[in-house]
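Working notes, beginning with the structure itself.
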Amino acid sequence: MTDPATSATDITRTQAWGALSAHHAEVRDEHLRDIFAADPGRGSDLTVTAGDLYFDYSKHRVTRETLRLLVDLARTADVEARRDAMLRGEHINTSEDRAVLHTALRLPADALLSVDGTDVVHEVHEVLSRMGDFTDLLRSGEWRGATGERIETVVNVGIGGSDLGPVMAYRALRAYAEGGISARFVSNADPADIIGQLSGLNPETTLFIVASKTFSTLETLTNATAARRWLLDGLRERAGESVLDGAVAKHFVAVSTHAGRVSEFGIDTDNMFGFWDWVGGRYSVDSAVGLSLMAVIGREQFTEFLAGFHTIDEHFATAPLEQNAPVIAALLGVWYSNFFDADSRAVLPYSNDLKRFPAYLQQLTMESNGKSVRADGTPVTTSTGEIFWGEPGTNGQHAFYQLLHQGTRLVPSDFIGFAEPTEDRATIDGEGSMHDVLMSNFFAQTKVLAFGKTAEEITEELEAAGTPLDVVPHKVMPGNRPSTTILAPKLTPSVLGQLIALYEHAVFVEGVIWGIDSFDQWGVELGKTQAIELVPVLTSTESPAAQDDSSTDTLVRRYRGLRGRSS
Ligand SMILES: O=P(O)(O)OC[C@H]1O[C@](O)(CO)[C@@H](O)[C@@H]1O
C-alpha cells in the first residue's frame, strides 16, 4: 500500500503482509514433527537445485500455504521488477545515485550490457585480463622485486569489503593454491595486525596490494604507510640505499576506483587495477579486489570462481520465485525476523576452510540491510537486518549449540556442507572416514534441531536403563528449530562463487521487501570522521580540547594520562 504522505510503499500495510500475519497466528505453534507427519513428501519437495547447490528448506516452520503467502509477499514487493532493474544497471542505490552491478563482474566476455552509455562487459574483461597478465608475471617469477628476487608473498592491505572477501576466499580455496605465491592480509588499525602479518616475511620477496575502493580509508592508508616504511627499511638494511629508487613501484600495486589518490600515495597508476562505483565494497571480491586471490590460485581458477557466481546470477534472474533459492532464503529470513521476532541467524559451515565465511556474510548482510529508514528516507515499519554469526561445525557444536538446541531464543540456522572433502589425502582422512564423521554430525544436528526428543521418549529410555527420572526435563530436546541445509559436491572455486552469490541475492531480496537501500552504508561514516578528529586530541602535546560529553572527555584524559601525556 502506498502511503499518500510519503509515497513510499509500506510492505506491512499490504494485503500480502496481513495475510501472512493471520496465517502466522494459525501456524506459529505447529511443530516440525507434525508438519512433517502431515506432509511427508516435503523432504524432497521443498528443495531447489541451483547450479551445484542443493538447497533444502524443508526443515523450516512453514507449510506449503506459508510458502505460497511468502511468494505472494515477494510479488507484492515487486521483487522481479526490482531484480530486473538491478541487472539492467538502473540506479537502484538511490541515496548515492548509483547503479548496482556486481553481477556484471561475472558476465561472460560475449555478454552485452551497456550502462550509462558504457560497455560495462568490455571494461570488466579489460581489467580481468590485466589482472591475469599481472598475476601470470608474479606466478612465473618474471616480476621481480627491487633486488631481483621473485615475489613469494602478496600482502593485501585493505579493510571491510577490501579485506573480508579476499581473506575468506583465500582460506576457503587454500587447496587450489599453486604457483608458489602465498597471501597474507592486513586490515586492522591495531599495529599488532601488521606486525603479526609481516613477521617472518622478506621484503625482497614481498609485494603489497593496497586495496581500497575510495583510497581514503584511515586504517588502510595507515597500514599502507607502515608497510612502505617496513619495505624501504628492510631493503635498505639488506641491500643498501641504491635499491630504494623505484622500489615502491616494484613492491606496491593498488586496487581502487580512485586513480588520483593512488598516485598521491606514490603508487604508479600503471600498477593500479580499477573498478567502478557501481561495485559496493562488500560485493567486490569478484572485482580487482580479488587480485590477491588470483595471484594465489591463478587466472583459470579465478575464472571458475566468477563462473560460479554467474551460475547463480542466471538462476536468480530466471527461476520462478517459487523455485528461486535466493528468493526463498530471503523470504525465510523475513518470516523469522518479522513474524517470529528472531534476531539472528547462525551460519554453520561444515568445512574448516569456510572459517571466515560467517564474518564475510556479516558485512554482506548487516552493512547492507542494517537500516532504519526506507529508500525514500521514511522510517521502516518493521525490523530489518538479520544478525549473522557462526563458526564452522563441529567446533560450534562444543560451544554454542547448547543454546541452539535448548535455549529460549529462536535462531534459524544455515548448515553448509560438502559431499567430498577439500583434500582427499587418504593417509590422513582414512579414505573419507574423517569427512564422513564430520558429515554425520552435519546431518545429525539439523535432524535434532528440527525433531528433538520428547519427555516421553526420554522417560522410556531412562526407565529401561533403571535410571532416576528427575533429569527428564533437563534432557528434553524441544526441537522445532528451523534450519536450511545447503549441500554441494565439493568446495571448489565455482562452488564458493555460487555460495556467495546465493547470499548476495538473498540480501537484495530482503532489502526490496523492507523497502530499503541495501547498497549504501551511511551508518559507518560518522564514526570514521570522529575517529579522524580524535587523533590529534589523543596525540597532541597540548592539553586536550574538551569533548562534548563528559564520558568521552574523561576517557580521553585518562588515556592520555596513561600514555604519559598531559591530561
Ligand atoms: O575499500 P574502502 O574504500 O577502503 O572501504 C572499506 C570499507 O569501508 C566501508 O566503506 C565501511 O565500513 C565498507 O563499505 C568498505 O568495504
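This one's a predicted model, so the numbers in the text were calculated from it and none came from an experiment. Order of listing sets the numbers, starting from 1, for every ligand and every atom in it.
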Closest contact, heavy atoms only, V373 versus I516 = O-CG2, 3.4 Å
Taken in chain and number order and not counting sequence neighbours, the residues that satisfy salt bridge (charged side-chain N to carboxylate O under 4.0 Å, His left out) with E152 are none
Who are the salt bridge (charged side-chain N to carboxylate O under 4.0 Å, His left out) partners of E204, not counting sequence neighbours?
-> R238
Please list every donor-acceptor pair under 3.5 Å in which a side-chain atom of residues 286-298 meets a protein atom from a residue at least two apart or in another chain.
from, atom 1, to, atom 2, distance (Å)
D286, OD2, R106, NH1, 2.6
S287, OG, S284, O, 2.6
S287, OG, V289, N, 3.1

May I ask you to decide whether R261 forms a salt bridge with E264, counting only side-chain N to carboxylate O separations under 4.0 Å?
-> no
Neighbouring protein residues of ligand 1 - any heavy atom closer than 4.0 Å | I159, G160, G161, S162, S212, K213, T214, T217, G281, Q363, E367, Q521, V524, K528
Under the 6.0 Å and 45° cation-pi test, does R228 pair with F265?
-> yes
